[in-house]
Amino acid sequence: EAKRNGRNQCVTFTQELSDAAILKHQTVVELAEAIKRGNLDVYYQPIIDNATGKIDKLEALVRWQHKDRGFISPAEFIPLAEEGGLIQSLGEYVLDQACCDLKIMHEAGFPYIEMSVNRSSLEFKTVDMQASEWLKVIASHNLPYASLTMEITESLLMDMDGQYMQRINALKQAGVKIAIDDFGTGYSSLNYLRSLPADIVKIDRSFIINIPDNQQDNLLLDGIITIVHNLGMKVVTEGVETQAQLHYLQEKKCDYSQGFLLCRPIPLHELMEFITQNESVF
Ligand code: C2E
Ligand code: MG
Ligand code: MG
Ligand code: MG
């Protein structure tokens, strides 16, 4: 009896495993199809200048509306794209769409707006999507390199060797800005801050969530802002959701805010309306 139970359990376990594997495989196939057919959307979330309330920059965030399963979060499908060998074509797709939409914004009377695009660490490692490919895409849209920012996370920096550094430097020398995304969630933060030619540090949402009520978190955030400023970089805080957080960040001379309090990620046409109606978001 026990043996039979054991066997059944084993069968169930295997069945579940293979169901998960099948779903994963199917999702990768469908994602490849969505990229090929141009069925992914790119939404934009404003990054606000804390001193003026003006929209300074947009972050491009990919969206996938699956025909049966509805909206699938990038937090779920970006890792699948990485595993399934799709991250490079996905990245190219998002960069191209973001450049296209930035050009539209520039020509619609907002020539000062800049665009921030996420770049997976894996994408950065492949030989075929080197710095020159990025520059080609930007140039093909007749955009100044300095109007683009590349967001990279700590995971890339942690196993950085000379080659990646060369690619980052090539982008930087052309004028593309470099932002460190989700700062504080990795392990090597302070060490690589010295060696990386970054312009912007994006402090992760987890450091903002308890301010201004938690005195320890306030002190930690104050320290990070001071270090980043002393290194000559700008600070963006992610996940600003309350007025109290915003006021605290303004008081601490944090440069930019991004969060649901100010504006959610939205499609281009909604964003154009939002900007037209809000010369200052405050
Ligand atoms: P991320 O680059 O750190 O992007 C910020 C995430 O925080 C976005 O989630 C955004 O919607 C969310 N967010 C913004 N404000 C708030 C807020 O006030 N509260 C909360 N709770 N969340 C806020 P999203 O769009 O789901 O993207 C998740 C992650 O997926 C991104 O994190 C990024 O790592 C990745 N991702 C998204 N688009 C791309 C892409 O085109 N390429 C690559 N390689 N990764 C992408
Ligand atoms: Mg980002
Ligand atoms: Mg981030
Ligand atoms: Mg984050």
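Read the numbers this way: they start at 1 and go in the same order the structure lists the ligands and their atoms. Given the structure is predicted, the values throughout are model-derived calculations rather than measurements. Computed over heavy atoms, backbone and side chain alike; hydrogens, waters and symmetry mates excluded.
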Within a distance under 4.0 Å of any heavy atom of [X], pick out the atoms of ligand 1 and give their elements.
X    : value
V94  : 41 (O)
P265 : 11 (O)
Q45  : 14 (C), 15 (N)
E241 : 17 (C), 18 (O), 19 (N), 20 (C), 21 (N)

Looking at ligand 1, does any of its N/O atoms fall within less than 3.5 Å of an N/O of L61?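 It does not: no N or O of L61 is found under 3.5 Å from an N or O of ligand 1.
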Going hydrophobic residue to hydrophobic residue with side-chain gaps under 4.5 angstrom, can you get from Y248 over to I203?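 Cluster IDs for Y248 and I203 match.
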Got a sec, which residues hit ring pair (Phe, Tyr, Trp, His ring centres under 6.0 Å) with F77, two or more places apart in sequence or on another chain?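 Result, ring pair (Phe, Tyr, Trp, His ring centres under 6.0 Å) vs F77: W64.
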Is ligand 1 under 4.0 Å from a heavy atom in the side chain of [X], in the backbone, in both, or in neither?
X    : result
I78  : side chain
L261 : neither
V240 : backbone
R264 : neither

All pairs passing side chain to side chain donor-acceptor pair (under 3.5 Å) where residues 43-56 contributes a residue, at least two apart: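 Counting only pairs at least two positions apart or across chains, the side chain to side chain donor-acceptor pair (under 3.5 Å) contacts touching residues 43-56 are Y44-D101, Q45-Q258, N50-S257.
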Please, which pairs that meet side chain to side chain donor-acceptor pair (under 3.5 Å) have at least one residue in residues 25-41, sequence neighbours excluded?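 Qualifying pairs: Q26-E30, T27-R69, E30-H66, E33-R37.
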Distance check, rounded to the nearest 0.5 Å: E270 atom CD versus R264 atom CZ?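 Here the rounded value is 12.0 Å.
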Ion pair present between K252 and D222, side-chain N to carboxylate O less than 4.0 angstrom?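 Result for this pair is yes, salt bridge flagged.
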Intermediate values then yes/no, side-chain hydrogen bond (donor to acceptor under 3.5 Å, both in side chains), E114 and S147: CA-CA 5 Å; E114 299 181 3; S147 62; over 6 Å; no
Between ligand 1 and E59, can you find any atom pair, the residue atom being a heavy atom, that is separated by under 4.0 Å?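 Distance cut 4.0 Å: E59 passes for ligand 1.
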For distances below 2.8 Å, what is the count of protein N, O or S atoms around the Mg ion (ligand 2)?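 N, O or S atoms of the protein closer than 2.8 Å: 4.
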